[in-house]
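Bear in mind the structure is a predicted one, so any value in this text is a computation, not a measurement.
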Amino acid sequence: MTLKRLVLIFVLTPIAVLLAVSALFSSWQEPQFQSRLELYQTNIALQAQAWQSEDSGDDNLQAIREAILGEQPLESATKQYQEARQSVQANLDKVNNKLAQLRSQSEITLTPPKPLPDAPPTTKTSKQGQQQLQQSLKQLQKLLAELDLRLGILQAQQGQTDTALKTWSELQQRSDINPEFGQTAAVLSGLWSNPPRILPNAQQPIQKNLEGWFRSTALVQLYQLQQRQDALSAVKAAQKESSAQAVLKLAVIGTIPTLAALIGLILLILLFAQRLLKGKASLLAQNADIPWSTPWDGETVLQVFIIGFFFMGQIFVPLVISVLPIPRPIVDVRLQAFSVLVSYILVALGALLVLYFSLKRFFPLPEFWFRFRFQDNWFLWGLGGYCTALPIVVVVSLINQQLWQGQGGSNPLLQLALESQDGVALGIFFFTAAIAAPFFEEILFRGFLLPSLTRYLPVWGAILISSLLFAIAHLSLSEILPLTALGIVLGVVYTRSRNLLAPMLLHSLWNSGTLLSLFVLGSN
């Protein structure tokens, strides 16, 4: 065995595995992005329900509104917020318990009764762990306070005034909250008390710490008590305008994916029926058992992924970025978007260069390797694959949410795209997620890894393992199951079409749909 192989297998690979496991474990302490996304959608539904109560003479229009919003939007929103609150509280308890354990371990380590050779002093790693937990704790405490402010308004609007007052009172009594949230809770308690109390400068905390439907509802209550008719009319007019826009947003983010998922479900039924009736002559069986001719072994695969993908993405590129003269932390959203794009392109170029030099000695490659054919049915495979992936991934995601209960982390790019309303930044995010990512990741995972695995596994096994590694590479525990499901569909599309353009199109459509939904939700 050569020195190169020894270093690759016994040094670099274990290091990469340990770092990946560490990153996955740390993501367990982070909140799942899906929970925040659902609340954004709930907030838009609340804005839209104001439009539902007007122009009720048109039965067709009313039916459309109910189909989009549901029959009881306030009750549905309350349930959503209560579930979100329970999840945040559970995660808050976990973080507090973990912090308490780390502190007790630190105390034991710092003051041992007797020096022990196997008991190291408090390390930098444990301090970093405590800092991360403290940061997570503050974020969860802030989120819990925001949820309580909004939940109280929902309860008050449904006539549950005593429950709302209790919610705000408990919020004010918590010692861990920002004083601003306590002040806002006091203002809201005063507005809905009997008799009502209007605190000085009541408008300021409402406008600062509430948004959307919650802000306008609190302002309406305030202006009615103050008998400020001009301000009340302005808020109601703004409510009416935003409610119509909210209905349109819900239609965009709900109707289009639902129709695509319905088409996908029909396609799945037809494909499986064809498979049962026609057997190996069906589309699903096309190329299903034909492996690639692979002239290299597992060492080359390890070399590409350990050196080209992992060390480029986790060590080399972050090190290069860290020494650049860039002000930190990056506050400007355009600079954030540009930094993400540059980092991604550097990782992609590095990995593709390692891939090229690893395979150069095997040129010319056998047939079907890295195949791009524009005069083919790749478009139908990609579009059909996108539609069929939707119902599959949605079902897997629902199961996944029950498993992780709002924890497990998410891609940080999603949060940036959700909160950014800058056109240039969104354009950069779109290029990164919908063009650069599908091109690079499909070449690496479907174009190289999946066919390479068919040297050792049947095609279905290569699809499964490459999909799992594709999911793990995103380094978020909560995304492993959904991304594995998506990877399986990508793998099936590629193995059947034998054209990389097909999974690239599917991947691009998936990321584009996600970004479109985030843009619409974030524009609330």
Side-chain angles (χ1 to χ4, degrees), residues 4-30 33 123-129 131-132 135-136 298-324 326 328-330 336-358 408-416 429 432-433 436-449 452 465-480 483-484 487 511:
K4 172 188 169 184
R5 179 174 293 186
L6 282 171
V7 172
L8 178 63
I9 296 176
F10 296 106
V11 179
L12 298 182
T13 300
I15 291 174
V17 171
L18 285 173
L19 290 175
V21 169
S22 175
L24 285 170
F25 180 75
S26 64
S27 73
W28 174 78
Q29 300 170 355
E30 299 173 5
F33 179 74
T123 62
K124 184 179 179 181
T125 303
S126 67
K127 290 181 179 178
Q128 288 176 343
Q131 290 174 355
Q132 290 177 352
Q135 186 176 2
S136 297
E299 181 184 346
T300 302
V301 178
L302 271 180
Q303 180 174 292
V304 170
F305 274 87
I306 298 301
I307 299 176
F309 182 74
F310 190 84
F311 275 91
M312 278 289 176
Q314 298 298 312
I315 297 177
F316 181 73
V317 171
L319 188 62
V320 170
I321 296 294
S322 68
V323 299
L324 293 178
I326 302 173
R328 293 177 178 83
I330 302 176
Q336 286 181 329
F338 186 70
S339 174
V340 170
L341 175 60
V342 170
S343 299
Y344 196 88
I345 289 177
L346 288 175
V347 172
L349 286 176
L352 292 177
L353 282 173
V354 173
L355 174 64
Y356 172 76
F357 285 110
S358 297
S410 296
N411 189 336
L413 178 62
L414 299 177
Q415 186 72 25
L416 289 173
F429 285 137
T432 304
F439 179 79
F440 166 59
E441 292 176 14
E442 292 312 306
I443 285 180
L444 205 61
F445 287 94
R446 254 61 61 181
F448 172 68
L449 178 61
S452 298
I465 297 302
S466 63
S467 301
L468 182 60
L469 292 174
F470 166 72
I472 291 173
H474 288 76
L475 300 179
S476 291
L477 281 173
S478 69
E479 294 182 336
I480 288 179
L483 287 179
T484 298
N511 287 358

Pair up each side-chain donor or acceptor in residues 299-318 with any protein partner under 3.5 Å, not counting sequence neighbours, and list the distances.
unit_1, atom_1, unit_2, atom_2, d
Glu299, OE1, Arg5, NE, 2.6
Glu299, OE1, Arg5, NH2, 2.6
Gln303, OE1, Lys4, NZ, 2.9
Gln303, NE2, Ser358, OG, 2.7

Identify each donor-acceptor pair in which a side-chain atom of residues 11-19 lies under 3.5 Å from a protein atom, sequence neighbours left out, and give them as a table.
unit_1, atom_1, unit_2, atom_2, d
Thr13, OG1, Leu8, O, 2.7

Quiz item: Out of curiosity, Ile345 CD1 to Phe440 CZ, how far, rounded to the nearest 0.5 Å?
Solution: 11.5 Å

Quiz item: For Ser339, what residues pass the side chain to side chain contact (heavy atoms under 4.5 Å, CB included) criterion, not counting sequence neighbours?
Solution: Ile330, Ser343

Quiz item: What distance separates His474 NE2 from Leu24 CG, expressed to the nearest 0.5 Å?
Solution: 12.0 Å

Self-check item: Closest heavy-atom pair and its distance - Tyr344, Ala437
Solution: OH-CA, 3.2 Å

Self-check item: Pair Leu352-Leu355, side-chain contact (heavy atoms from CB on, under 4.5 Å): steps then yes or no
Solution: CA-CA 5 Å; Leu352 292 177; Leu355 174 64; 4.2 Å; yes

Practice problem: Please assess Leu468 against Ile480 for the test side-chain contact (heavy atoms from CB on, under 4.5 Å), listing each intermediate value before the final yes or no. | Solution: CA-CA 7 Å; Leu468 182 60; Ile480 288 179; 4.1 Å; yes

Exercise. Apply side-chain hydrogen bond (donor to acceptor under 3.5 Å, both in side chains) to Ser452 and list each qualifying residue two or more places apart in sequence or on a separate chain.
Key: Trp296

Quiz item: side chain to side chain contact (heavy atoms under 4.5 Å, CB included) with Leu469: which residues, sequence neighbours excluded?
Solution: Leu449, Ile465

Quiz prompt | For Pro438 against Ala433, the heavy-atom pair lying closest together | solution = CD-O, 3.2 Å

Practice problem: For Glu442, check salt bridge (Lys or Arg N to Asp or Glu O under 4.0 Å) against everything at least two apart and list the hits. | Solution: Arg446

